[in-house]
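Report on the structure given below.
Small disclaimer: the values here were computed from a predicted structure and weren't measured. In each ligand, atom 1 is the first atom listed, and ligand 1 is the first ligand listed.
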Amino acid sequence: MKRLLILGGTGDATELASKASMIKQIEVITSLAGRTRNPLVPTRMVRFGGFGGEAGLVAYLRDAKIDLLIDATHPFAAQISWNAATAAASCNIPYLMFIRPAWKRVSGDEWIEVDSVEVAASVLPEFAKRVFLTIGRQQLAAFASLDSIWFLMRLIDPPAPDALVPSGMILCDRGPFALENERRLLIKHQIDTLVSKNSGGDATYAKIIAARELGVKVVMVKRPPTPPGEKVSDVESTMQWLINQL
Ligand code: NAP
């Protein structure tokens, strides 16, 4: 029996955990940061909360006798990914990063690519009046001082009561989102600019298609660098990697 730790927090990680649980020789533990109130809990064995940095993760891998590590966190969860790569090397256990491919600009897309959420906020006043903000809950404060812009903010959970939030409307919803839904939102709220992280995958891609169709600009936040190590971009390849480890 091998014990697998999946660092989760994405739909891909949930799918992966349920598929990996079907392999008889593998026991799956999923780790969630504990950011969302009602997370989709993928397996019987789930742990919540940070490990306490790289050293804490090393200690956990040893104490819990983890044999295999898969980082299936979001492409923008850079800290935990770098910690995972280093901790796996320290513990000398097989490690894989599951990362879905980034979206690529296609004909008709009007993208302005920026290096960070903060840069996205700094360019908006040049051209935006009504913005659909889809960067999650944690970095809303970067937009809070932009008084000339109205924001439609889509979040899984509402922000904390004391959080700095830009002016506009909060919409609590969880993907996947249908194209018709995204078109309707852009039209109803007269959106001229969409702000998105380049998350990749299908679950949230419809907003990019809707923006293309309606001539809405997209401020696309580029991904942070990933740590060195073996990477795959689909569930099938991850399952094959797991089988190869048995
Ligand atoms: P992060 O900046 O890389 O992580 C910050 C700290 O949170 C980590 O150092 C770690 O704490 C803890 N942490 C993160 N993911 C964890 C996990 N799966 N299990 C246990 N601890 C974890 O990550 P983040 O951007 O805050 O994202 C947090 C979670 O939300 C991740 O699981 C990610 O997959 C999910 N998520 C993030 C985004 C995004 O845009 N960033 C979008 C969708 C989902 P310690 O150092 O104490 O171990």
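- Scanning the protein heavy atoms around atom 29 (C) of ligand 1, the nearest turns out to be A33 CB, 3.8 Å.
- Counted by atom type alone, D71 and T73 present one or more donor-acceptor pairs between their side chains at under 3.5 Å.
- Considering E113, E126, E110 as possible partners of K217, the one that fulfils the salt bridge (charged side-chain N to carboxylate O under 4.0 Å, His left out) test is E110.
- Proximity of a side-chain donor or acceptor of Q245 to a complementary backbone N or O of W241 within less than 3.5 Å is detected.
- Any N or O atom pair closer than 3.5 Å counts here, and I135 shares no such pair with ligand 1.
- Heavy-atom contacts of G49 reach the following atoms of ligand 1: 20 (C), 21 (N) (cutoff under 4.0 Å).
- The atoms of ligand 1 that sit less than 4.0 Å from any heavy atom of F76 are 25 (O), 39 (C), 40 (O), 41 (N).
- Contact annotation for L57 and ligand 1: no heavy atom of the residue comes within less than 4.0 Å of the ligand.
- Listed by number with element, the atoms of ligand 1 under 4.0 Å from a non-hydrogen atom of A78 are 3 (O).
- Distance from atom 36 (N) of ligand 1 to its nearest protein heavy atom, with residue and atom name: H74 CB, 3.6 Å.
- Looking at atom 48 (O) of ligand 1, its nearest protein heavy atom turns out to be F51 N, 2.7 Å.
- Atom 25 (O) of ligand 1 has its nearest heavy-atom neighbour, among A77, G34, P224, in A77.
- Considering K197, R35, Q138, Q79 only, the shortest heavy-atom separation from atom 7 (O) of ligand 1 involves R35.
- Close contacts between ligand 1 and N83 involve ligand atoms 9 (O), 46 (O) [criterion: under 4.0 Å to a heavy atom].
- The proximity of E54 to ligand 1, defined as any non-hydrogen pair under 4.0 Å, does not occur for either the backbone or the side chain.
- One distance of note links CD of E182 with CD1 of I191; it measures 11.0 Å at 0.5 Å rounding.
- In terms of protein heavy atoms, atom 46 (O) of ligand 1 is closest to G53 N, 3.0 Å.
- Taking the ring centre of F48 as origin, the terminal cationic atom of R35 falls outside the region bounded by 6.0 Å and 45° from the ring axis.
- Under 3.5 Å, the side chains of S31 and R47 contain a donor-acceptor pair of N or O atoms.
- Considering L32, T73, T10, I80 only, the shortest heavy-atom separation from atom 8 (C) of ligand 1 involves I80.
- Per-residue contacts place G9 under 4.0 angstrom from the following atoms of ligand 1 (heavy atoms of the residue considered): 32 (O), 34 (O), 35 (C), 36 (N), 44 (C).
- In this structure, the side chain of D192 engages the main chain of K129 through a donor-acceptor pair within 3.5 Å.
- The single protein non-hydrogen atom nearest to atom 32 (O) of ligand 1 is G8 O, 2.7 Å, given as residue, atom name and distance.
- Ring-plane geometry between W150 and H189 is classed as parallel, the angle between the planes falling under 30 degrees on a 0 to 90 degree scale with a further cut at 60.
- The ligand atoms of ligand 1 that sit less than 4.0 angstrom from a heavy atom of G52 are 45 (P), 47 (O), 48 (O).
- Each of the atoms 17 (C), 18 (N), 19 (N), 20 (C) of ligand 1 lies under 4.0 Å from some heavy atom of S31.
- Under the 6.0 Å distance and 45° angle rule, R154 counts as a cation-pi partner of F177.
- For the pair K19 and E15, the salt-bridge criterion is met [side-chain N within less than 4.0 Å of a carboxylate O].
- Note that CD of E213 is 12.0 Å distant from CD1 of I208, once rounded to the nearest 0.5 Å.
- Taking every heavy atom of R47 and a limit of under 4.0 angstrom, the matching atoms of ligand 1 come to 20 (C).
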